[in-house]
Protein chains: 2
Amino acid sequence: MYDRRLDAIVAAAETGSFAKAGRLLHISTPAVAKQVNTFETEYGLTLFIRSHGGVTPTPAGAELVEGARDLIRRSDEIIRRARRRASPDTVPVRLGISMLRPGRRILDLWQHDAGRTAGIRLELVSLPDGSTSITDIIARLGGTIDVIATAFAPDHWTGVCGTLALSYEPLCLAVPRGHALARRARVTLDDLAGTRIRMLPRGNGTDDVARDLFERAGGIELADIDHYDLDVFNECARTGDLLISKPMWADVHPQLVNVAVDWPEPVGMQYGLLYPTDPTPTVAAFVDRIAELADVERNASARETTEAGDAR
Amino acid sequence: MYDRRLDAIVAAAETGSFAKAGRLLHISTPAVAKQVNTFETEYGLTLFIRSHGGVTPTPAGAELVEGARDLIRRSDEIIRRARRRASPDTVPVRLGISMLRPGRRILDLWQHDAGRTAGIRLELVSLPDGSTSITDIIARLGGTIDVIATAFAPDHWTGVCGTLALSYEPLCLAVPRGHALARRARVTLDDLAGTRIRMLPRGNGTDDVARDLFERAGGIELADIDHYDLDVFNECARTGDLLISKPMWADVHPQLVNVAVDWPEPVGMQYGLLYPTDPTPTVAAFVDRIAELADVERNASARETTEAGDAR
DNA sequence: ACTTGTTACGACATTCGTAACAATC
DNA sequence: GATTGTTACGAATGTCGTAACAAGT
């Protein structure tokens, strides 16, 4: 709905640097500079004062950034309103998925429904991996993407977006096949002495608990990663480092095998859906239906186990 | 500042047809359809119901068009505000010119000033010929273009934008060189019997007076053109038709020569500047300076004629 | 030494227009 | 028959990323 260059301009103003803005938007520095330059010449404005230490907005730039923020908010709001008015059976629910945010579990549930939930059409939208942008995507939920299939820390998104937990994902370790621990079914914290483990820095959810336990255990070298990414998996396969992982990432990289960890206390995340706080009726219906289907499946498997117990 | 496709969407909603919208925006029909289609799939919306008789907005489409109009207004406003805040010597005044809206007169004046008006930098922006879009451009004056050099009917723009008249342009006729009247210095209405004259339909300014006189004279065939355009000049050169013209268009087409008309009453337009009703200080200063320079020149030429009279 | 902004250049994607087609008024 | 929307395809345009550079912190 709005000029894409505004994203670059706002990011540059917020970070005070074209390079940092580029990293934020996952584009190169020259791309950011070009976008700002073309915008400036097109409207005859000078938005930033450049120096080799970074960029600072001019008065005009600051004014425009303020307006741009408002414009971006309004753009998303307009789409949401239009979407809400559309007849429900013509509007698809767009589920954002990626290698690291797989929708398989949800798609399985939905397929079991076999179209019994009439009038909801599901569309898959590919999501960029690299968690720096996930916050942006969630902030604009309802624009290009309606719901996201992902693992999440339950309390991390309260107030930001709605969450629907479908299954529990205990944290485990992705171990390169060559590693000694790769053949183990499960490991204790003591087994990990002398290894190098890559994980997110503090403040990104439930990984902090794991970090505490690692640090207390001693003998473990921790290496920060700024976000989960396929490159992180590649790096671990190359260097032999271990990586904090989840069961749903078991088949992401053929060179890495998941090994369970005997945590002294439960350490894990939820897998499920993230959806807007004010969802479209259609989206709300979809989320509700998924919740129902998950319940049905849970009950079925529970009944199965009790029946098995009776038979024994 | 906003997604260009919104122009196509709004135009389609207003005209009820992709084809008409294309003509309005001076792009082809498939281009309009593509823009709307990509927008629809990108946001998962159906904005228009297509039929071979035209297109009608869906409820969602109507809602979005309403929001889009607001967004477009705001975009222009944001640019204007940012421009106003910029330090005056960094912001150029962008003068819109084209073959049919030449800036020569203004540029001459400005050059005579020889940079004595400090801190105003003049930039030339090419303007599309074809007057259907001129209204849009004027509506967005202050966005990409600050001032326009053009001929205009004085009362036609009151309330829409500011006007500065620099010279009077009596209407004349552009006659193909092969035509019998081409060798005449001036013609009367009676001379025009049997000719075909192209002109704008009613409601486009002072041409209506000329039309009245032609119709009253009789024996003159009138052919409507929907806007002035280089193609119109080419057409007249090809078909031998006459064309209502102005002295400033004398050299537009080598095949057409301007011949003055003995109008029973004055028929003409003003040449000068169109500028926003709420101009930037820089733009206001520019317009004022141009007015001053024109006055100086007028006085100089007046003094010259009186001196010549004294000498006699 | 590291980071920043700029330029040049090649690869890629997008967008446009023309033409030909099908369906409707 | 005139107008409308759609599709296909070639061309022009725009955008991005890599690399190499220059300059400041």
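Please read these numbers as outputs of a predicted model, since none were measured by experiment. Chain identifiers are assigned alphabetically (A, B, ...) following the order of the sequence lines, protein sequences preceding nucleic acid strands; residue numbering begins at 1 within each chain.
Shown here is A/Glu66, whose CD atom has no more than 12 heavy atoms of other residues, nucleotides or ligands within 6.0 Å. Environment of CZ in B/Arg121: crowded, with over 12 heavy atoms of neighbouring residues, nucleotides or ligands closer than 6.0 Å. Atom CD of A/Glu235 has more than 12 heavy atoms from other residues, nucleotides or ligands within 6.0 Å.
For A/Arg4 and A/Gly53, each mapped to the nucleotide of DNA chain C holding its nearest heavy atom, the one lying further toward the 5' end belongs to A/Gly53. Of the two residues contacting DNA chain D, namely A/Thr38 and B/Val55, the nearest-nucleotide position lying further toward the 5' end is that of B/Val55. Heavy-atom distances to DNA chain C give each of A/Pro30 and A/His52 a nearest nucleotide, and the one nearer the 5′ end belongs to A/His52.
Using cut-offs of 30° and 60° for the angle between ring planes, the B/Phe233 and B/Trp249 rings count as perpendicular. In this pair, A/Phe48 and A/Phe18 present their aromatic rings perpendicular. The plane angle is above 60°, beyond the 30 to 60° band.
Atom CZ of A/Arg50 and atom C1' of C/dT7 are 14 Å apart (whole Å). Rounded to whole Å, atom C1' of C/dC16 lies 16 Å from atom NE2 of B/His26. In this structure, the CD1 atom of B/Ile27 is 18 Å from the P atom of C/dT14, given to the nearest Å. To the nearest angstrom, C1' of D/dC16 lies 14 Å from CG of A/Asn37. For the pair B/Phe39 CZ and C/dT14 P, the computed distance is 17 Å after rounding to whole Å. Residue A/Phe18 contributes atom CZ, which lies 14 Å from atom P of D/dC16 at whole-angstrom precision. Rounded to whole Å, atom P of C/dT14 lies 11 Å from atom CD of B/Glu42. Nucleotide C/dG5 holds its P atom 14 Å from the CD1 atom of A/Ile49, rounded to whole Å.
Within the nucleic acid shown, B/Ser51 comes within 4.0 Å of sugar-phosphate atoms alone, with no base atom in reach, counting heavy atoms only. Contacts of B/Lys34 with the nucleic acid, taken as non-hydrogen atoms under 4.0 Å apart, are absent. Within 4.0 Å of B/Ser28, counting heavy atoms only, lies at least one base atom of the nucleic acid.
OP1 or OP2 of C/dG5 lies within a sub-4.0 Å distance of a side-chain N or O belonging to A/Ser17. The phosphate of C/dT14 has neither OP1 nor OP2 within less than 4.0 Å of any side-chain N or O from B/Gln35.
For A/Ala31, taking side-chain heavy atoms from C-beta onward, the closest of the listed nucleotides C/dG17, D/dG17, C/dT6 is D/dG17.
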